[in-house]
Amino acid sequence: MMDEDDNAYSGGLDYDSCDSDGTRGDYSTMGGWSTVFEDEDQVELFDEEDDAVACLEELRAQHVHEPEDAVQQFEIVGRQRRVAKRRIYEDTDEEELLPRKLPLPRDPMEQEEDPDELREKFEESYQKIGPRRGRNRRRRRRKVDSSSRKEVPEEISKEMAEATLLFACNKFTEAKNMCMSIIRQCPNYGDAYHTMGMIINAEGNPRRAIDFYMVAAHFTPKDVTLWKQLAGLSTEVGYMRQAIYCLTHVVRRDRNDIDCQWDRALLYAEVGELRRAAEAFEAISEVRVGDKECIKMLSKLYHRMGRVGRAIKVLESFLMQFQPEADLTIINLLTALYVQQGNYTDAATLIDQAEHIILRGDPLPIDLQVQAGICAAHVGNLLEADRHLNRLLEENPKHHMDLYLDVGNHFLQLGFLDRAMEFYEALLKIPDANGAQLWQPLAECRMKMGGKLAVARMYKEAVEIIERDHPEYLEGCLLLMENLVEVEDLTGAQQVLELVKSLLKSEEVILPAENREASAILFRMEQVEFAVEKEETSFLDRMLPVVAQSIRHLKKSADNPEEVKLPEEFLAALSRKRQKRNVPDDSGMESDAIFKGHRNIRQQMRYQRQMSEGETDNETLDNELLLKGMLSQDDQFQMLGKVIDALVESDRISEAIPLIQSIIKVAGATSRACNKKYRDLLRLRLVGILGAENRIKEALEHLKIVCSRYPHSIQAWNEFCRVTNRGGPTKWQTRFVESLRKRYPTSVPVKLMMGHVLTHSGQFLDALGEYLAAYRDVPNDPLTLLLLGVTYINCSITSRASDGHNMILKGCSFLDEYKRKRSNPQESHYNFGRAYHQLGLFHIAVKAYEQCLKAEAPPGVPCIKREAAHNLVLIYKATGAKELARRVMQENLTI
């Protein structure tokens with residue numbers, strides 16, 4: 001099977017099979033015949049002077065970007081080389097590239113020719129057409145005519161010598177000017193670029209020097225020394241992919257250079273191409289048999305790729321073949337892999353063998369002794385584990401933070417909370433050890449031992465220990481605020497929130513540079529502030545402009561931006577936000593004018609048009625607070641849900657509905673930054689709001705889309721039933737469910753919905769067939785059992801029932817099974833009594849209703865005692881027991 005990391009490589013070039021111009025392969029195909037330049041040194045990159053200058057300017061333009069974001073030099077120069085090759089092919093006569101035809105067969109009636117002459121003609125013809133076509137045929141090479149090559153003029157050679165002399169005399173400015181003059185006169189003279197690169201590199205600008213070195217290297221692709229120098233400079237600057245490209249040229253021309261192969265493999269690993277790195281080290285291990293450093297790198301790479309079994313196999317094979325050369329690092333790596341796989345017995349055995357064979361009685365290193373203690377704890381030998389781990393407790397935890405954390409995690413996994421806390425608490429006192437990697441397991445341990453209050457105290461201790469310039473300080477404050485809100489310590493949460501705000505304002509604490517991380521922090525602060533204030537108005541005043549601008553941002557990235565219009569309510573909210581903060585805007589109002597009512601008419605019309613199209617400026621909003629990922633990231637989608645909930649709770653339905661509609665429209669027009677799951681969850685939220693407003697038709701239109709896309713979703717069909725119960729069933733709904741029943745014959749919710757539709761139309765026998773089809777798929781589902789029991793009873797009292805008593809018996813059997821499966825006794829007693837009430841078996845129904853009145857509903861489930869009491873009163877009145885009915889009403893139906 002293919003590894004997950006086999007496809008990890010994305011983008012970039014195929015370094016192992018790329019030509020010096022960045023193209024795959026060495027050949028260009030024309031007319032079915034392949035050609036290649038015999039002498040790559042003579043390929044001219046530039047046709048004119050302007051081409052060279054433009055290429056150098058394009059290289060310089062990339063210096064404003066960070067190395068990881070810039071287009072690297074080998075890509076730009078490689079593109080120029082492809083252009084040069086294409087230009088040469090276009091200038092070449094096609095007849096020179098096409099094979100000549102074989103001569104026609106000779107007429108046997110003609111005079112015979114000399115055999116030697118025939119042999120010469122045959123060889124001449126064979127050389128012209130080449131070998132026969134085939135998969136492994138030899139490529140036909142085209143030689144470049146030496147007469148077409150431009151010789152370097154003698155004046156240029158003299159100027160180049162003079163420039164070199166100036167460089168040797170440290171006259172860098174004069175040397176650079178002369179080199180640039182040579183490049184303009186003779187743009188395909190590689191020595192000028194090489195000398196220019198040396199001058200700029202001597203001035204201390206390696207990034208600019210690479211520009212000229214890269215051009216020079218493509219003029220002399222066989223110069224291995226230059227490629228190695230380029231690889232070193234590219235690594236120094238941060239162009240890792242370019243360094244791989246340069247080393248690939250070296251490896252192609254010198255297969256025995258193992259050091260270059262090693263460096264290239266390390267770079268593969270650094271850029272995340274783990275599969276290529278592993279293949280490179282595999283090739284090196286075949287040459288350097290028994291090289292333990294290579295085996296260590298291979299095992300680490302396979303571990304990073306998730307192939308733990310392969311990493312173990314590599315180390316075990318090395319120990320079997322080269323046991324005397326093994327060191328403690330290999331033992332430590334293999335032991336850690338055994339522990340990760342849960343092979344604690346094998347790990348303990350390996351440590352014991354290393355102690356006797358490699359160490360020969362000397363004490364184990366601290367890391368191996370810790371592994372031995374972990375293995376002993378997992379096999380249940382706690383005394384042996386304490387003997388090994390006591391040495392770690394004697395060491396300074398500042399020097400062994402990873403070992404302390406590892407031991408604590410294993411004790412937490414085993415359930416030994418006190419032992420785990422001993423190691424976690426030692427790390428908590430060290431500022432450098434504090435972070436999410438420690439806080440998460442420590443919070444889990446504190447939660448099991450003392451609850452949420454203990455977790456809040458832990459975060460408070462952590463924030464007090466670390467300094468404000470600590471990279472995890474802001475995260476610790478956020479976690480502390482969130483936990484204080486959970487334990488309902490709103491005063492403490494408010495104090496921490498005000499502290500964080502003041503630190504951000506004074507720039508003592510700085511938000512992350514990445515927009516997504518900064519937005520996530522600000523959103524969490526908004527959630528805490530909303531939980532502390534519990535005022536929807538102020539929360540909405542802050543967040544509605546953010547939502548409106550976020551929609552505008554998504555609109556710009558939409559496939560058809562002109563189709564998306566922002567709701568006027570939110571554009572007005574954005575305008576109110578700007579006016580409230582008294583910041584200058586584009587509305588046309590002159591804030592410093594003497595006559596405050598003056599407004600430029602053209603500016604006013606432009607502002608109104610921008611507002612209607614959602615084109616207002618967002619510079620006055622709160623810095624990075626923008627919901628760019630509200631349809632793709634879970635945290636931002638939750639924040640959007642809080643905004644919608646706040647609108648609904650504050651009775652601003654007229655704003656909530658167009659907000660959701662506009663977001664759904666943006667999501668429909670955006671194919672890149674939208675997760676369909678979030679879009680359909682918004683549709684369900686909109687359906688709930690529309691249903692509460694009795695806008696049934698609009699709600700059903702959205703439900704039709706969601707139910708068609710998710711026919712197996714119980715949440716979607718529950719919402720469908722809730723809406724249809726308010727508006728009543730229609731023929732459209734019946735046709736819709738019937739069409740889905742045909743399209744998704746295996747969907748249990750669709751089968752149940754089809755049964756509901758048939759039951760509502762009085763077709764109980766057909767509905768019974770649908771419920772039985774669902775029962776075959778989910779025989780233990782309480783709802784299906786209840787529906788079957790009720791439907792059998794309904795069928796028994798119809799005129800079409802041939803054996804009513806048998807149907808009643810089956811219905812009671814299903815109801816009894818439902819009663820056993822249902823975890824809510826109050827509901828099951830009520831439904832049982834209702835069934836017997838419908839059959840007229842009042843004496844059984846009364847007992848069921850009385851049991852319902854005595855039972856309690858589970859937490860979070862509505863109580864139905866009033867319904868049961870009402871039905872019981874009806875039975876008492878029908879049987880003449882008015883006193884019993886009055887007593888039940890006084891006990892259960894009193895308001």
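On a predicted model such as this, the values are computed, not experimentally measured, just so you know.
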Hey, what's the ring geometry for [X] with [Y], parallel, tilted or perpendicular (30° and 60° as the breaks)?
X	Y	result
Phe318	Phe322	tilted
Tyr344	His410	perpendicular
Tyr459	Trp439	perpendicular

Short question: side chain of [X], backbone of [Y] - any donor-acceptor pair under 3.5 Å?
X	Y	value
Tyr404	Leu392	yes
His249	Trp227	no
His356	Asp352	yes
Asn343	Val339	no
Asp257	Cys260	yes
Glu282	Leu298	no
Asn390	Asp386	yes
Ser317	Lys313	no
Tyr424	Pro441	no

Taking the basic N atoms (NZ, or NE/NH1/NH2) and the acidic carboxylate oxygens, is any pair closer than 4.0 Å for [X] and [Y]?
X	Y	value
Asp327	Lys296	yes
Glu422	Arg419	no
Lys429	Glu425	no
Arg241	Glu273	no

Looking only at non-hydrogen atoms, find the nearest pair between [X] and [Y] and report the distance.
X	Y	result
Ala278	Met305	CB-SD, 4.2 Å
Tyr338	Ala347	CB-CB, 3.7 Å
Met214	Cys246	CE-SG, 4.0 Å
Arg391	Leu364	NH1-O, 2.6 Å
Leu504	Val509	CD2-O, 3.3 Å
Asn434	Leu427	ND2-O, 4.0 Å

Between Asp634 and Gln638, do the side chains contain a donor N or O and an acceptor N or O under 3.5 Å apart?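 The criterion, which ignores hydrogens and geometry beyond distance, is satisfied for Asp634 and Gln638.
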
For Gln440 and Glu444, which I'm curious about, is there any donor-acceptor pair between the side chains at under 3.5 Å?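 No, no side-chain donor-acceptor contact under 3.5 Å.
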
Using the side chain to side chain contact (heavy atoms under 4.5 Å, CB included) criterion, which residues pair with Ser234? Sequence neighbours excluded.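 Partners of Ser234 by the side chain to side chain contact (heavy atoms under 4.5 Å, CB included) criterion, ordered by chain and then number, come out as Ile210, Tyr239, Gln242, Ala243.
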
Nearest 0.5 angstrom please: Leu319 CG to Glu316 CD, how far?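 Answer rounded to 0.5 Å: 8.0 Å.
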
Can you confirm whether Ile714 is buried at CD1, in the sense that more than 12 heavy atoms of other residues, nucleotides or ligands lie under 6.0 Å from that atom?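 Counting neighbours around CD1 of Ile714, 12 or fewer heavy atoms of other residues, nucleotides or ligands fall under 6.0 Å, so no.
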
Count the heavy atoms belonging to other residues, nucleotides or ligands that lie under 6.0 Å from CD of Gln323, then report whether that count exceeds 12.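 Open: at most 12 neighbouring heavy atoms sit under 6.0 Å from CD of Gln323.
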
